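For clarity, every value in this text was computed on a predicted model and none was experimentally measured.
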Amino acid sequence: LGLKVLKRIEAIVREEQDRAGAIELLMPTIQSADLWRQSGRYDAYGPEMLRITDRHEREMLYGPTNEEMITLLFKDGAKSYRDLPRTLYHIQWKFRDEVRPRFGVMRGREFLMKDAYSFDLDEEGLRKSYEAMFVAYLRTFARLGLQAVPVRAPSGPIGGNLSHEFHILADTGESALFYDAAIEDVTRDDLLAADASTITRLTDLYAMEEEEHAKVAECPVPTERLRTRRGIEVGHIFAFGTKYSASMGLSVQTKEGGQVHPHMGSYGIGVSRLMGAIIEASHDENGIIWPESVAPFRVGLINMRADDVMCAEAADRLYGQLRDAGVETLY
Ligand code: P5A
């Protein structure tokens with residue numbers, strides 16, 4: 001049942017990436033250490049990276065993320081401004097040797113991530129690509145039946161100066177959030193119809209993780225409107241400009257004949273974590289309440305009198321009819 005739910009989450013994530021104009025590919029899980037030496041992250045990444053050697057004693061690693069690899073692939077294929085803007089994504093397993101793996105899929109060492117990477121000629125282009133992914137995220141989480149709060153975030157080891165995390169509100173969440181109650185007024189329909197103005201509306205409202213909130217001198221939200229809730233980070237997006245294109249020697253020809261390093265961003269969704277996050281956000285004392293869009297089955301059919309021929313026939317018939325009508329049924 002869990003696998004069915006995971007596949008449904010993955011399908012919604014994929015549909016919204018495609019809708020935003022991103023192109024799907026599939027990159028390997030194992031990467032070479034040399035690739036990461038080019039960006040300077042091989043040493044910087046620390047013990048979370050699972051380092052391995054092959055039979056020739058070459059240093060390899062199990063990818064925790066793919067900024068370096070996508071930059072290399074893009075370098076092979078894109079030569080001029082005509083190849084941009086472009087956003088590429090894959091849905092692939094990652095490995096991070098987390099100090100404290102917790103709660104199964106919520107913080108696993110091996111987990112499924114959707115990671116997208118955008119390439120633009122300039123900062124203005126990057127801002128548009130970032131916005132397109134922001135909209136895709138709002139729609140994705142709304143379709144999954146979730147209320148996601150976008151939070152301005154520090155970018156950490158990925159780098160850059162513009163970054164947002166998307167948090168699902170749940171009492172068991174690992175992060176403490178402080179946000180303006182007006183964020184809760186944004187409806188599911190608003191999110192499904194999201195555009196640049198929805199992003200402005202949301203990002204103009206205050207929302208911070210505890211650690212960042214503590215650094216703010218004076219809180220701009222009046223006490224009666226300030227909400228404190230716990231959240232689960234299900235997505236994280238970054239605009240980091242030329243950090244990887246410059247360090248890894250990726251440049252493309254401009255219209256005028258010059259060369260520029262593309263401005264890049266990366267955009268992650270924790271696909272397997274979402275399965276746990278949905279459960280945390282949507283359950284009661286009887287168990288999980290799957291939002292309809294990800295439920296493993298729509299109908300549960302039980303023949304309560306298996307030894308009664310007529311009853312068995314009726315149940316079989318009903319099961320056939322439901323299946324013919326395309327209604328997924330657990331019999
Ligand atoms: C963005 C895409 C990145 O790695 N590089 C490519 C950027 N961002 S991130 O924030 O580090 O991860 C993106 C999302 O992946 C989920 N996630 C995890 N899920 C389960 N177990 C883990 N150990 C784990 N680590 C990260 C989160 O949802 C995160 O937002």
Taking it one step at a time, do D195 and S197 satisfy side-chain hydrogen bond (donor to acceptor under 3.5 Å, both in side chains)? CA-CA 5 Å; D195 60 13; S197 71; 2.6 Å; yes
Can you list everything that forms a side-chain contact (heavy atoms from CB on, under 4.5 Å) with L301? Sequence neighbours excluded, please. L318, Y319, T329, Y331
Are the side chain of T187 and the backbone of D190 linked by a donor-acceptor contact shorter than 3.5 Å? yes
Roughly how far, to the nearest 0.5 Å, is the CZ atom of F134 from the OG1 atom of T198? 9.5 Å
Would you indicate whether E224, at its atom CD, is surrounded by more than 12 heavy atoms from other residues, nucleotides or ligands within a distance under 6.0 Å? yes
T71: side chain to side chain donor-acceptor pair (under 3.5 Å) partners, not counting sequence neighbours: none
Between D115 and K94, is there a salt bridge with N-O shorter than 4.0 Å? yes
Identify whether the distance between the nearest side-chain nitrogen and carboxylate oxygen of E209 and R152 falls below 4.0 Å. no
I'd like to know if K128 pairs up with E131 as an ion pair, taking the criterion as any Lys NZ or Arg NE/NH1/NH2 lying under 4.0 Å from an Asp or Glu carboxylate oxygen. no
Charged N to carboxylate O under 4.0 angstrom, R109 versus E98? no
Taking the six-membered ring where the residue is Trp, are the ring centres of W93 and F111 under 6.0 Å apart? no
Do NZ/NE/NH1/NH2 and the carboxylate oxygens of R107 and E174 come within less than 4.0 Å? yes
Kindly list each side-chain donor-acceptor pair under 3.5 angstrom involving residues 164-172, sequence neighbours excluded, with atom names and distances?
unit_1 : atom_1 : unit_2 : atom_2 : d
H164   : ND1    : Y130   : OH     : 2.8
E165   : OE1    : H167   : NE2    : 2.7
T172   : OG1    : E280   : OE1    : 2.5

Hey, is CD1 on I23 packed in by over 12 heavy atoms from elsewhere, all under 6.0 Å? yes
Residues R41 and E68 bridged, charged N to O under 4.0 Å: yes
R323: partners by salt bridge (Lys or Arg N to Asp or Glu O under 4.0 Å), with sequence neighbours left out: none
Between R14 and E10 (salt bridge meaning N to carboxylate O under 4.0 Å), is one present in this structure? yes
Would you call R37 and D43 a salt bridge, taking side-chain N to carboxylate O under 4.0 Å as the test? no
Is it the case that more than 12 heavy atoms not belonging to Q259 sit under 6.0 Å from its CD atom? yes
With a 4.0 Å cut-off, would you call E328 and R298 a salt bridge? no
Sorted by chain and residue number, the side chain to side chain donor-acceptor pair (under 3.5 Å) partners of E212 (sequence neighbours excluded) come out as K215
With a sphere of 6.0 Å drawn around CD of E124, does it hold more than 12 non-hydrogen atoms of other residues, nucleotides or ligands? yes
Residue K7 excluded, over 12 heavy atoms near NZ under 6.0 Å: no
Between T53 and R58, does the side-chain contact (heavy atoms from CB on, under 4.5 Å) criterion hold? Intermediate values first, please. CA-CA 5 Å; T53 46; R58 273 190 297 247; over 6 Å; no
Report the residues that fulfil ring pair (Phe, Tyr, Trp, His ring centres under 6.0 Å) with H236, sequence neighbours left out, ordered by chain and then residue number. F238
